[in-house]
Amino acid sequence: MRLATWNVNSIGARLPRLLPWLEAVGPDVVALQETKCADNAFPYADLRALGYEAAHAGDGRWNGVAVLSRLGVAQVSASLDGHPEPRLISAQCGPLHATSVYVPNGRALGDPHYAYKLDWLAALRERLESADPAQPLVVMGDLNVALHDADVWDIRAFSDSTHVTPAERAALQALLDWGLVDVEARPGKGEFPFTYWDYRAGMMHKNLGMRIDYVLATRAVTVRDAWVDREARKGKGASDHAPVVVDLDL
DNA sequence: ATGTCATCTTAGAGATGA
């Protein structure tokens with residue numbers, strides 16, 4: 001089975017890149033984030049033509065998450081206690097339970113959105129209590145946390161920044177401690193497995209990126225390979241995130 | 001690091017978020 005997670009930064013704008021990518025890479029289950037799309041505008045028909053059923057939660061301009069599956073989508077849930085924004089959706093995809101998450105950015109230390117981010121991550125951890133870490137389950141998405149110093153291009157540039165604070169890292173570690181493994185992709189260019197490069201200031205060209213997109217899997221899943229598709233971040237009309245692709249056995 | 005991108009408001013450029 002092949003999985004992928006991709007923050008597409010608007011599925012409407014990205015459709016000319018997303019559809020050929022799905023055909024070329026052929027993932028069985030895909031988590032998308034930042035669809036920036038209302039449910040009634042989601043391109044279900046285009047995806048169905050490629051063999052994907054979709055579960056989407058979105059209300060338009062911001063956020064929006066989806067699970068695409070060639071193995072069906074059942075038991076769809078987009079609820080997270082106390083957090084109505086469309087930032088999480090989960091579905092049973094054949095033998096695998098898959099969740100797509102778009103963790104709040106946090107904006108800046110001291111900003112109310114930073115506290116909101118930590119609350120949101122705590123709610124996600126609490127939500128795991130209703131699942132079983134002995135079952136095949138993945139949480140995939142844009143976590144907006146760099147777990148290790150090596151997950152950003154220069155930790156010294158992040159001394160007063162979100163994404164690397166002990167509190168954010170502890171919130172991510174709490175997800176792992178429940179029973180999830182951080183499926184790290186093979187190192188990419190410069191030995192860094194980055195998944196995101198800011199559009200501004202030539203960050204992609206200079207490989208000044210961050211690893212903030214994750215596949216987290218229970219130990220019931222056997223990982224065969226994992227990589228970041230940097231090609232999808234290049235050229236005209238790219239998202240600012242690259243997809244993470246994981247091959248696994250159940 | 002802040003050189004971009006996408007969307008919405010509301011008719012053309014500004015605000016917002018990342």
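No hydrogens, no waters, no symmetry mates; every other heavy atom, side chains included, goes into these values. Proteins get letters first, then strands, A, B, ... in listed order; numbering begins at 1 in each.
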>> Regarding A:D247 and A:R2, does a basic nitrogen lie under 4.0 Å from an acidic carboxylate oxygen?
In response: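 So A:D247 pairs with A:R2 through a salt bridge.
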Taking only the [atom1] atom of each, what is the distance from [N] to [M] in whole angstrom?
| N | M | atom1 | answer |
| --- | --- | --- | --- |
| B:dG3 | B:dT9 | P | 27 Å |
| B:dA11 | B:dA6 | P | 24 Å |
| B:dG12 | B:dA18 | P | 29 Å |
| B:dG17 | B:dA1 | P | 25 Å |

> Is there a donor-acceptor pair under 3.5 Å between the side chain of A:T165 and the backbone N or O of A:T162?
Replying inline: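 Checked: no pair found.
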> Is a side-chain N or O of A:T218 found less than 3.5 angstrom from the main chain of A:Q135, in a donor-acceptor match?
Replying inline: yes
>> Quick check on contacts: within residues 111-118 of chain A, what sits under 4.0 Å from DNA chain B by heavy-atom distance?
In response: none
> Does any residue of residues 54-62 of chain A have a heavy atom under 4.0 Å from DNA chain B, and if so, which ones, in number order?
Replying inline: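 When residues 54-62 of chain A is checked for heavy atoms under 4.0 Å from DNA chain B, the hits, listed by number, are A:R61, A:W62.
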>> Please verify the inter-ring angle class for A:Y116 with A:H113; under 30° counts as parallel, over 60° as perpendicular, anything in between as tilted.
In response: perpendicular
> If you look at every strand shown and take non-hydrogen atoms under 4.0 Å, does A:R14 touch a base, only sugar-phosphate, or nothing?
Replying inline: sugar-phosphate
> Looking for any heavy atom pair under 4.0 Å, which part of the strands does A:F158 touch: base, sugar-phosphate only, or nothing?
Replying inline: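 No contact at all - A:F158 keeps every heavy atom at 4.0 Å or more from the nucleic acid.
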> How far does CD1 of A:I212 sit from CG of A:L172, to the nearest 0.5 angstrom?
Replying inline: 12.0 Å
> Nucleotide range of DNA chain B contacted by chain A, 5' to 3', under 4.0 Å to a heavy atom?
Replying inline: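 Terminal contacting nucleotides, 5' to 3': B:dA1 to B:dA18.
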> What do the steps show when you test A:F158 against A:M210 for side chain to side chain contact (heavy atoms under 4.5 Å, CB included), and what is the final call?
Replying inline: CA-CA 11 Å; A:F158 284 77; A:M210 305 169 70; 3.6 Å; yes
